[in-house]
Number of protein chains: 2
Amino acid sequence: MALEHAILVSLLEQPGSGYELARRFERSIGYFWTATHQQIYRVLKRMENDGWVASREVSQHGRPDKKEYSVADLGHAALSSWLHEPIEPESVRHDLAVKIRGAAFDDPAGLVREVERHRRAHTDRLTHYLAGEERDFPPVPDDGTPPDAERELQHVVLRGGVAYERMMIAWLDDVLATLRRF
Amino acid sequence: MALEHAILVSLLEQPGSGYELARRFERSIGYFWTATHQQIYRVLKRMENDGWVASREVSQHGRPDKKEYSVADLGHAALSSWLHEPIEPESVRHDLAVKIRGAAFDDPAGLVREVERHRRAHTDRLTHYLAGEERDFPPVPDDGTPPDAERELQHVVLRGGVAYERMMIAWLDDVLATLRRF
DNA sequence: CCTTGCTATGCAACTGGTTGCATAGCAAGA
DNA sequence: TCTTGCTATGCAACCAGTTGCATAGCAAGG
């Protein structure tokens with residue numbers, strides 16, 4: 001399970017409430033790890049019981065109070081030991097691939113609109129990633145100052161998202177060309 | 001849920017027992033949808049109760065008997081209606097991306113060996129895909145005969161796997177270069 | 001004042017998926 | 001004969017994740 005660890009990373013980058021975490025999981029972290037707010041609240045509670053995170057009540061102006069969480073020593077240690085474990089070869093789940101192979105026994109041409117819809121979703125996400133990259137990672141001249149690990153690593157993960165979306169768009173074009181031959 | 005549908009597609013391509021399905025889910029179908037044998041047996045039982053599949057006992061020489069499943073009309077209809085639903089924008093889960101961002105708060109260089117391990121797993125899988133492609137999809141001259149949908153669609157899904165592995169390898173090289181700057 | 005809508009937190013029930021364990025047929029080899 | 005190993009099927013317990021629902025503070029606008 002890596003939700004705990006994703007939360008730890010997110011809280012290390014920036015402490016925040018369950019609600020704020022849920023919003024981050026709709027963007028940023030959420031590009032490669034999804035979670036709903038119910039899940040986040042439940043896991044945060046468990047993590048607090050385990051001493052991985054600590055919370056404090058924060059009053060806000062014009063809004064309900066929030067509970068701001070930050071990473072405790074035990075949490076930092078737990079993250080560290082997880083980082084040093086080898087494991088997890090990742091398992092893939094691709095509904096669309098199942099659909100494409102299934103289309104052979106139904107109506108191949110009928111899948112075109114569905115694939116086009118997916119293609120649009122991926123181009124949208126690519127556009128979004130590229131805008132984020134331009135905003136958050138403008139090119140800096142190498143003036144000899146040491147690189148910032150947090151920033152560089154966030155950037156390389158984002159580049160992974162960009163590469164993934166580009167690959168998917170190219171493949172979906174291949175799929176569309178194939179479907180249109182029937 | 002698409003496990004039912006993945007099983008239907010697999011049984012349409014070739015009827016088989018739960019055990020045989022489990023083996024297919026370790027290759028072929030398993031490249032984009034994973035399932036353990038327990039899960040497959042449980043779901044097959046439910047599908048049989050629902051009339052989606054039918055089974056018959058098959059005696060084998062030198063082996064225990066098996067129950068061979070094939071798709072019933074209701075199952076074919078269920079698959080068809082699923083294929084015509086729009087839905088599912090796919091959610092991603094990338095442990096490695098979490099680890100990479102987390103490494104900023106631990107030991108970036110310590111992640112190199114882990115990333116190299118993943119890179120090796122992906123090159124292995126790519127080699128495996130390419131061997132399968134050469135074996136199952138040799139180039140055929142276009143002699144005007146109509147293309148075989150089942151075959152062409154299996155091929156385009158496999159090309160997706162190849163594209164994915166190539167993208168991952170290139171990205172992991174990017175990650176390694178980034179990690180090595182610290 | 002009342003509705004709408006966003007912030008903020010949470011419970012309960014369910015479903016899908018994983019893990020550990022168990023059983024049994026049969027073949028091959030020590 | 002006994003062990004090892006592959007084929008073949010399955011139960012039970014657990015855990016992670018989803019869905020539906022509920023509550024409450026506060027602001028803005030009709």
Side-chain angles (χ1 to χ4, degrees), chain A residues 1-8 11 15-27 29-30 32-50 53 55-69 82 87-95 98, chain B residues 1-8 11 15-27 29-30 32-50 53 55-69 82 87-95 98:
Chain A
M1 227 267 289
L3 177 55
E4 275 102 336
H5 304 111
I7 288 175
L8 287 172
L11 289 179
S17 69
Y19 189 83
E20 284 162 352
L21 282 170
R23 314 220 59 184
R24 289 183 213 169
F25 274 81
E26 286 167 9
R27 35 172 212 87
I29 290 272
F32 48 87
W33 201 273
T34 59
T36 58
H37 79 270
Q38 290 86 346
Q39 212 184 329
I40 290 167
Y41 283 121
R42 199 201 304 152
V43 171
L44 273 176
K45 187 160 287 183
R46 188 173 67 229
M47 289 168 78
E48 193 173 18
N49 283 337
D50 293 348
V53 296
S55 68
R56 60 188 192 96
E57 287 283 330
V58 176
S59 302
Q60 299 183 105
H61 39 290
R63 293 181 183 186
D65 295 355
K66 66 173 181 180
K67 269 167 80 177
E68 193 183 79
Y69 290 90
W82 177 69
I87 48 158
E88 31 74 63
E90 73 172 306
S91 60
V92 193
R93 293 279 162 99
H94 256 295
D95 300 69
V98 177
Chain B
M1 224 267 289
L3 176 55
E4 276 102 336
H5 305 112
I7 288 176
L8 287 172
L11 288 179
S17 68
Y19 189 82
E20 284 161 351
L21 281 171
R23 314 221 60 186
R24 288 182 213 169
F25 274 79
E26 286 167 9
R27 36 173 211 86
I29 290 273
F32 48 88
W33 201 273
T34 60
T36 59
H37 79 270
Q38 290 85 347
Q39 212 185 328
I40 290 166
Y41 283 122
R42 200 202 303 153
V43 171
L44 274 176
K45 188 161 286 184
R46 187 173 69 227
M47 289 169 80
E48 193 173 17
N49 283 336
D50 293 347
V53 296
S55 69
R56 60 188 191 98
E57 287 283 329
V58 175
S59 302
Q60 298 183 106
H61 39 290
R63 292 182 185 186
D65 294 355
K66 66 173 181 180
K67 270 168 79 177
E68 194 184 78
Y69 290 89
W82 177 69
I87 49 155
E88 29 77 60
E90 74 172 304
S91 60
V92 193
R93 292 280 162 99
H94 257 295
D95 300 69
V98 178

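All values derive from a computational prediction rather than experimental measurement. So you know, we letter chains A, B, ... as the sequences are listed, proteins then strands, and number each from 1.
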**Message:** If I take atom NE2 in residue A/His61 and atom P in nucleotide C/dA8, what distance separates them, rounded to the nearest angstrom?
**Reply:** 10 Å
**Prompt:** Roughly, in whole Å, what's the span from CZ in B/Arg46 to C1' in D/dT9?
**Reply:** 18 Å
**Item:** B/Arg24 CZ to B/Ile7 CD1 distance, which is reported to the nearest 0.5 Å
**Value:** 10.5 Å
**Request:** Calculate, to the nearest 0.5 Å, the distance between atoms NZ and CZ belonging to A/Lys66 and A/Arg56 respectively.
**Result:** 8.0 Å
**Item:** Atom-pair distance (CG on A/Leu21; C1' on C/dT9), nearest Å
**Value:** 13 Å
**Protein-nucleotide distance (A/Ile7, atom CD1; D/dA16, atom C1'), rounded to Å** = 13 Å
**Prompt:** C/dT9 phosphate, OP1 or OP2: any side-chain N/O from A/Tyr19 under 4.0 angstrom?
**Reply:** no
**Asked** Between C/dG17, C/dT9, D/dG17, which nucleotide gets closest to the side-chain atoms of B/Trp33?
**Response** C/dG17
List, with names and distances, any nitrogen or oxygen atoms from the protein found under 3.5 Å away from nitrogen or oxygen atoms belonging to nucleotides 19-25 of chain D.
{"residue": "D/dG20", "atom": "O6", "partner": "A/Gln38", "partner atom": "NE2", "Å": "3.1"}

**Item:** A/Arg46 and A/Val43, any side-chain heavy atoms less than 4.5 Å apart
**Value:** yes
**Message:** Would you compute the distance between atom CE of A/Met47 and atom CG of A/Leu8 and round it to the nearest 0.5 angstrom?
**Reply:** 3.5 Å
**Item:** Distance in Å, A/Gln39 CD paired with A/Leu44 CG, rounded so as to fall on 0.5 Å steps
**Value:** 11.0 Å
**Message:** Under 3.5 Å for both donor-acceptor distances, Watson-Crick or wobble: does D/dC21 have a partner, and if so which one?
**Reply:** C/dG10
**Asked** Rounded to the Å, how far apart are A/Glu20 CD and C/dA8 C1'?
**Response** 10 Å
**Request:** Hey, which sits more toward the 5' end of DNA chain D by its nearest nucleotide, A/Glu4 or B/Lys45?
**Result:** B/Lys45
**Request:** Starting at atom CZ of B/Arg23, determine the distance to atom C1' of D/dC6, rounded to an integer number of angstrom.
**Result:** 9 Å
**Prompt:** In whole angstroms, how far is the C1' atom of C/dG16 from the CE atom of B/Met47?
**Reply:** 15 Å
**d(CG, A/Leu44; C1', D/dA16) in whole Å** = 16 Å
**Prompt:** Taking only N and O in the side chain of A/Tyr41, is any of them less than 4.0 Å away from OP1 or OP2 of C/dT9?
**Reply:** yes
**Fill in**
As its Watson-Crick or G-U partner within any shown strand, both distances under 3.5 Å, D/dC26 has C/dG5
Name each donor-acceptor pair under 3.5 Å that joins a side chain in residues 57-65 of chain B to protein atoms two or more places apart or in another chain, with its distance.
{"residue": "B/Gln60", "atom": "NE2", "partner": "B/Pro64", "partner atom": "O", "Å": "2.8"}

**Request:** Would you indicate what A/Thr34 reaches in the nucleic acid, counting non-hydrogen atoms under 4.0 angstrom: base, sugar-phosphate, or nothing?
**Result:** nothing
**Fill in**
Scanning both residues in full, the closest heavy-atom pair of A/Phe25 with A/Thr34 reads CD2-C, 4.2 Å
